[in-house]
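Letters go in sequence order (proteins before strands), and every chain restarts at 1.
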Amino acid sequence: MQNHEYRIGKLHLSKESSVHAPIQQKKVAFFVGMGNNYGPIKQDETLVFDKVVTNIGGAFDDKTGIFTAPHNGTYEFTIVVSAQGRQKAAAMLMKGRQMIFTVWAESIPFWATATNRAILNLQQDDQIRVVLMSQASFLYGYMYSTFSGYMLFEDSSGDICRIKLQVISLEFDQ
Amino acid sequence: MQNHEYRIGKLHLSKESSVHAPIQQKKVAFFVGMGNNYGPIKQDETLVFDKVVTNIGGAFDDKTGIFTAPHNGTYEFTIVVSAQGRQKAAAMLMKGRQMIFTVWAESIPFWATATNRAILNLQQDDQIRVVLMSQASFLYGYMYSTFSGYMLFEDSSGDICRIKLQVISLEFDQ
Amino acid sequence: MQNHEYRIGKLHLSKESSVHAPIQQKKVAFFVGMGNNYGPIKQDETLVFDKVVTNIGGAFDDKTGIFTAPHNGTYEFTIVVSAQGRQKAAAMLMKGRQMIFTVWAESIPFWATATNRAILNLQQDDQIRVVLMSQASFLYGYMYSTFSGYMLFEDSSGDICRIKLQVISLEFDQ
């Protein structure tokens, strides 16, 4: 048995033989909420949610309440705040020190919920968090108040489909 | 003409020749709502929405109001409830028998809407539904009250890019 | 050195050699809002948002407020309207001349926010917009009122993974 090595000039391919290839999609998604009521507070503060339901990819830090973008890409974030019994609850979505949007729920007389969401193009390491506003800081729990988000897509259309191929045998008609 | 069969040890590939490959992304998304007002009711019940706008992948059963996860993966769900004229509308997002979140809209004096959403990692066949709560069960219709969701991504980074290749001809320099 | 050309009947492949392939995912996402208060108005009108935060793919026209679907596919849209000081704000999500859903926020006595969202399968060139309703048209700004959306996935499972391959060398055991 000989071991030949050939230099090949061109390989023409058409779509006939079948290969399965895994897609290495980067997965980033989180969903947290307040299980307990929270507030009031005297100064604006970053909300640390007491219930973490989902944290795919681990980009949300449950100790600090800060989401750190793991990749350059486009992300979605939704805040829901609820207040009860003549209380108010308001919060801002912050990208670093920049306010993106605000939500304000005012339960006069009894009950209120407010929801807002953003879609943002972020650079890796950008930080997103919810700041509870001291002037309206009585947040109703029991998962009526939540924060969630995920990555829609990465910026680069780069190498995210990795394909492993090996030729096992080759039949020639010559 | 001879028909040779060769055993090949190694095939080195670089990125030069071009092949298009279809991606077989699994698509799951639904959007339903109340066209008519609904309630009040005496016991908590699974909401059956009377208007199905979108049901890509068919995972939402419009007869029962139950969404059954067709794949292991991460999903998003949003509930919007609206109430009018001193009525209340409240609903829970349920995963099986577990409450994920609640929304409560209280139209005192006139009008209220409440929205909440979850991102959940589900196993295939997990069931998600909206339960209308009897103590606040007058739901305003006209698509002010809606339920929607979709799959963000599958758990496995498995075989979802199927590529069909065939070598048509091969030129050697030897 | 000879240049042979072989006709090949079959090429059997297994998953061993590694190739990276770019995925050409089509990216469509926008997020706009009202930086300033707006209204009241005398006739229903398409809302033109004064603050464009994100417009990946350029499908949202910030001059007209109209989103035009760039591809056949499934899309998500969320509207948030806020009102303050006994004012009302209501808007419809329109697909062409068809109302998809309505949101109504009534700030009696002080403050209200309403949020709704749709998931829609659209044909290329379908137009989506927010129509502010004249009977409830005092919209609170400061990014309390927003409009956002994105494409979940394209209809076709067509050629979106383009793979470039070239055989550099081939080793035979014969």
Side-chain angles (χ1 to χ4, degrees), chain B residues 1 3-4 6-25 27 29-31 33 53-54 56 76 78 80 82 84 105 107-115 117 140 142-146 148-152 161 163 165-174, chain C residues 1-11 13 16-23 25 74 76 78 80 88 93 99-106 108-109 112-121 152-174:
Chain B
M1 196 191 286
N3 192 0
H4 293 265
Y6 298 84
R7 306 297 314 170
I8 294 171
K10 256 187 207 167
L11 175 69
H12 301 279
L13 298 168
S14 75
K15 300 175 193 174
E16 292 285 327
S17 304
S18 181
V19 177
H20 290 265
I23 292 194
Q24 298 181 314
Q25 195 181 2
K27 295 169 185 172
F30 70 97
F31 170 47
V53 179
T54 304
I56 310 279
E76 193 261 21
T78 294
V80 181
S82 292
Q84 201 205 28
S107 66
I108 296 176
F110 297 128
W111 183 265
T113 293
T115 302
R117 83 103 172 246
Y140 194 71
Y142 304 98
M143 296 304 278
Y144 279 89
S145 299
T146 62
S148 52
Y150 58 95
M151 187 172 68
L152 303 181
C161 182
I163 296 156
L165 304 173
Q166 192 185 34
V167 176
I168 299 298
S169 65
L170 202 53
E171 295 169 29
F172 291 81
D173 303 318
Q174 48 185 318
Chain C
M1 198 192 283
Q2 296 172 282
N3 193 359
H4 293 264
E5 183 157 346
Y6 298 85
R7 304 299 315 170
I8 294 169
K10 256 188 207 166
L11 174 70
L13 299 168
E16 291 285 329
S17 304
S18 181
V19 177
H20 291 265
I23 293 195
Q25 195 181 3
T74 302
E76 193 260 21
T78 293
V80 181
K88 303 173 200 175
L93 185 76
M99 186 274 282
I100 301 296
F101 68 66
T102 312
V103 272
W104 188 289
E106 199 160 315
I108 296 174
T113 294
T115 301
N116 205 341
R117 83 103 172 246
I119 295 177
L120 300 173
N121 192 258
L152 303 181
F153 29 73
E154 271 195 280
D155 273 358
S156 100
S157 60
D159 286 348
I160 59 171
C161 181
R162 176 192 287 268
I163 296 157
K164 289 171 179 279
L165 304 173
Q166 192 185 32
V167 176
I168 298 297
S169 66
L170 202 53
E171 294 169 29
F172 291 82
D173 302 319
Q174 48 183 321

Trainee: Verify, without hydrogens or angle tests, whether T115(C) (side chain) and T115(B) (backbone) share a donor-acceptor contact under 3.5 angstrom.
Mentor: no
Trainee: Look up atom CG in D155(C) and atom NZ in K27(B), then write down how far apart they are to the nearest 0.5 Å.
Mentor: 6.0 Å
Trainee: Relative to chain B, which segment of L93(C) carries a heavy atom at a distance below 4.5 Å: side chain, backbone, both, or neither?
Mentor: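 Neither part.
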Trainee: Give me the atom names and distance for the closest heavy-atom approach of I119(C) to G149(B).
Mentor: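 Scanning both residues, the minimum pair turns out to be CD1-O, 3.5 Å.
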Trainee: Using non-hydrogen atoms only, which part of A112(C) is less than 4.5 Å away from chain B: side chain, backbone, both, or neither?
Mentor: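 When you check distances to chain B, no heavy atom of A112(C) falls under 4.5 Å.
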Trainee: Grab the two heavy atoms, one from R117(C) and one from F31(B), that are nearest each other, plus how far apart they are.
Mentor: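 Shortest heavy-atom separation between R117(C) and F31(B) comes out as O-CE1, 3.3 Å.
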Trainee: Which atom names give the shortest non-hydrogen contact between F153(C) and I56(B), and what distance separates them?
Mentor: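 In this case the closest contact between F153(C) and I56(B) is CE1-CG2, 4.2 Å.
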Trainee: Work out which heavy atom in W111(B) is nearest to a heavy atom in E106(C); give both atom names and the distance.
Mentor: CB-OE1, 3.5 Å
Trainee: Count the heavy-atom pairs under 4.5 Å between each of Y142(B), Y144(B), F110(B) and chain C, then report the option with the highest count.
Mentor: Y144(B)
Trainee: N116(C) pairs by side chain to side chain donor-acceptor pair (under 3.5 Å) with which of T113(B), T78(B), T146(B)?
Mentor: T146(B)
Trainee: Heavy-atom pairs under 4.5 Å with chain C: which of V80(B), I108(B), V53(B) has the most?
Mentor: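 Option with the top pair count is V80(B).
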